[in-house]
Amino acid sequence: MVEAITATYTQEDADWAITVSGRGKELTARAPGIIAARDRADQLVEELGGEGKTTVVHLLNGSAFEFTQAYMTARLTLPKLPPLEVPPPGSVPKQQTTSDKKPALPPSKQLPQAVEESKPAAEPAQPEKKAEQARA
């Protein structure tokens, strides 16, 4: 049999008071915000124990809809961040780039040192040599 447990939330300044009642017991707690209050309510439901399936009804001002609306708004709202500070032009030196340098390979992809040493050094091909090779 499914037994309903009621979690009632009341905002008190910045904190939330939670009352969880069911199975003949009533537990209370406080939390700093509705998300933390919802997590604390889950803990209180576990403390009530019981066997079988448990249904928890979360109420804010006597309404499950109001609770869901407040909870989802808190979950989906981005935190307030300070404005991004962009330094004035020229105050940060540009990064040096070297096109000659190859990116490092992970150890599993690297050739043994003996193979690397035996490889001939690659010379940049000149356009004239490419034309001669194409004609041949």
Side-chain angles (χ1 to χ4, degrees):
M1 183 170 128
V2 177
E3 185 176 346
I5 294 176
T6 304
T8 306
Y9 300 81
T10 308
Q11 188 170 13
E12 297 175 354
D13 296 321
D15 291 341
W16 289 80
I18 311 118
T19 304
V20 175
S21 55
R23 298 191 176 119
K25 298 179 187 175
E26 186 173 282
L27 302 173
T28 60
R30 292 179 64 80
I34 194 163
I35 296 171
R38 172 68 168 78
D39 291 340
R40 185 67 179 115
D42 288 341
Q43 294 169 356
L44 294 175
V45 168
E46 287 180 18
E47 287 179 31
L48 287 178
E51 296 178 25
K53 190 173 179 179
T54 304
T55 300
V56 181
V57 179
H58 299 272
L59 302 174
L60 174 61
N61 299 327
S63 170
F65 177 75
E66 279 191 49
F67 171 79
T68 302
Q69 185 178 23
Y71 179 74
M72 293 307 292
T73 299
R75 284 298 242 186
L76 298 174
T77 302
L78 295 174
K80 291 184 180 179
L81 299 173
L84 180 64
E85 293 182 25
V86 179
S91 65
V92 179
K94 291 185 178 181
Q95 294 180 351
Q96 295 178 351
T97 58
T98 55
S99 58
D100 300 340
K101 198 172 187 179
K102 293 181 182 177
L105 293 174
S108 63
K109 301 287 183 184
Q110 292 178 357
L111 294 174
Q113 187 173 356
V115 174
E116 284 291 337
E117 289 172 355
S118 66
K119 288 171 54 177
E123 294 179 15
Q126 296 176 359
E128 298 158 0
K129 288 184 180 179
K130 283 185 181 178
E132 284 181 341
Q133 291 172 354
R135 284 186 230 137

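One-based numbering along the sequence shown. Just so you know, these numbers come straight off a predicted model, no measurement behind them.
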Scanning both residues in full, the closest heavy-atom pair of A36 with A31 reads C-CB, 3.7 Å
Review item, side-chain donor-acceptor pairs of residues 10-21, under 3.5 Å, at least two apart:
| residue | atom | partner | partner atom | Å |
| --- | --- | --- | --- | --- |
| Q11 | NE2 | D13 | O | 3.4 |
| E12 | OE1 | R30 | NH1 | 2.2 |
| D15 | OD2 | R30 | NH2 | 3.4 |

All heavy atoms of I5 vs all of G22, minimum pair found to be CG1-CA, 4.4 Å
Consider only side-chain heavy atoms of I, L, V, M, F, W and Y, link residues closer than 4.5 Å, and tell whether Y9 and L76 are in one cluster. yes
Practice prompt. Tell me whether V57 is reachable from L27 by hopping between hydrophobic residues (I, L, V, M, F, W, Y) whose side-chain heavy atoms are closer than 4.5 Å.
Written response: no
Heavy-atom nearest pair, A74 first then I34, reads CB-CG2, 3.5 Å
dist Q69:CD -> T73:OG1 (nearest 0.5 Å) comes out at 5.5 Å
Separation between OG1 (T6) and CD (E26), nearest 0.5 Å, reads 10.0 Å
Quick note, ring-ring contact (aromatic ring centres under 6.0 Å, His included) partners involving residues 18-48, not counting sequence neighbours, are none
Dump the intermediate steps for side-chain contact (heavy atoms from CB on, under 4.5 Å) on I35 and Y71, then the final yes or no. CA-CA 7 Å; I35 296 171; Y71 179 74; 4.3 Å; yes
Taken to the nearest 0.5 Å, the spacing of L48 CG from Q43 CD works out to 12.5 Å
Taking every heavy atom of L59 against every heavy atom of A64, the minimum-distance pair comes out as CD2-N, 3.6 Å
